[in-house]
Protein chains: 2
Amino acid sequence: MKHLDSRLRQLTGYRMRRAMLPVLARVNDILAPLGLRRPTFSALIIIGENPGMQQVKLAELLAMEKPNLVQVIDDLEAAGFVERRRCAEDRRANALFVTDLGERIGESGLAKIVEFEAQCMSEFSAQEIETFQRMLDRVGQNARQSVAESKD
Amino acid sequence: MKHLDSRLRQLTGYRMRRAMLPVLARVNDILAPLGLRRPTFSALIIIGENPGMQQVKLAELLAMEKPNLVQVIDDLEAAGFVERRRCAEDRRANALFVTDLGERIGESGLAKIVEFEAQCMSEFSAQEIETFQRMLDRVGQNARQSVAESKD
DNA sequence: TATTGTTATACTCTATAACTATA
DNA sequence: TATAGTTATAGAGTATAACAATA
């Protein structure tokens, strides 16, 4: 046997986790000096792309529970990157907006991560990367469906 | 724009996380009835593949810190799946062995996960899956190298 | 009655420092 | 002194129940 973990290596999930760990570690290191963590960064970019978005919709997009998003928005607001504004039409809801500072910090983080990923993927062609990303999406969709079916 | 998160979707790390979440959720659900979590399952399979392996070596393989492995082995031992035996040659070290029960439970979990993954990947050819796994490995290696370089 | 945001809480996974017993 | 295993502790990330304000 070539590897001491050859039995686990047949599992795509095991390989995905092993590939993810160093990627997440590097992304954490890139974001920390900007005062961001991965969840706050992701939220910041999505809010910037969708001004006025409500928290319940953002939580759904990020695949996280509503209560956990509260702390994320608290952190972004405390850092001056995001503002909550009470919705006029539905006064239960908050409309979320990125500040000028948040816009700059978010763009800076995104550019650094894009650059890092370009290094990680530099040996692959654009088409290979596209196929890779498409397969990731399909695996996730199939797994989500399998989870849903198992709950029946 | 097609998606509300199109800016993040350009990031492979974001897509990997989104693919991983439902896979991990399903794997958790498969393992829980067997009395296993993902780290204990992975340790169980690797110990079974390498009888007598020491904890420090196992921690390195699993890319986890030694202190966190202690609880993993504690759980496996409490469940009767694994035995610690004091090493004769180096009495600081534990040699790890899987029990007959642990062997059966581990095989059962592995078979169920293989089946689940086969469903997730069923639309892809064997060659596509191999390429996919090879790219995952390379991305992980490149990211690990980038992490190491950034620590210089 | 249902929904948005919130609080409180807990569990898993992970990371670091310091201890013990051996080497 | 260095290493294997351990203890204690802390921090992310995630999950559920229950509440107040509003619809």
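The chains referred to below are lettered A, B, ... by the order of the sequence lines, with proteins before strands, and numbering in each begins at 1.
Here B/Arg17 reaches the OP1 or OP2 of D/dT14: one of its side-chain N or O atoms lies under 4.0 Å away.
Residue contacts for B/Asp90: at a heavy-atom cut-off of 4.0 Å it reaches the sugar-phosphate backbone alone, with no base atom in range. Within the nucleic acid shown, A/Gln55 comes within 4.0 Å of sugar-phosphate atoms alone, with no base atom in reach, counting heavy atoms only. Nucleic acid contact class of B/Val56 (heavy atoms, under 4.0 Å, all strands): sugar-phosphate only.
Aromatic pair B/Phe132/A/Phe132: ring centres closer than 6.0 Å.
The side chain of A/Arg91 has D/dT22 as its nearest neighbour among D/dA4, D/dT22, C/dT4. Closest contact between the side chain of A/Ala93 and the listed nucleotides C/dG5, C/dT12, D/dT6 involves C/dG5.
Between the side chain of B/Thr40 and the main chain of B/Val72, no donor-acceptor pair closer than 3.5 Å is present. At distances below 3.5 Å, not a single donor-acceptor pair connects side-chain atoms of A/Ser42 with backbone N or O atoms of A/Pro39.
Residue A/Asn68 places a side-chain atom within donor-acceptor reach of the base of D/dA15, judged by atom type and a 3.5 Å distance cut-off alone. Side-chain atoms of B/Arg92 come within donor-acceptor range of the base of D/dT3, with a qualifying N/O pair under 3.5 Å.
Counting heavy-atom neighbours within 6.0 Å of B/Glu130 CD, excluding the residue itself, gives a total of 12 or less.
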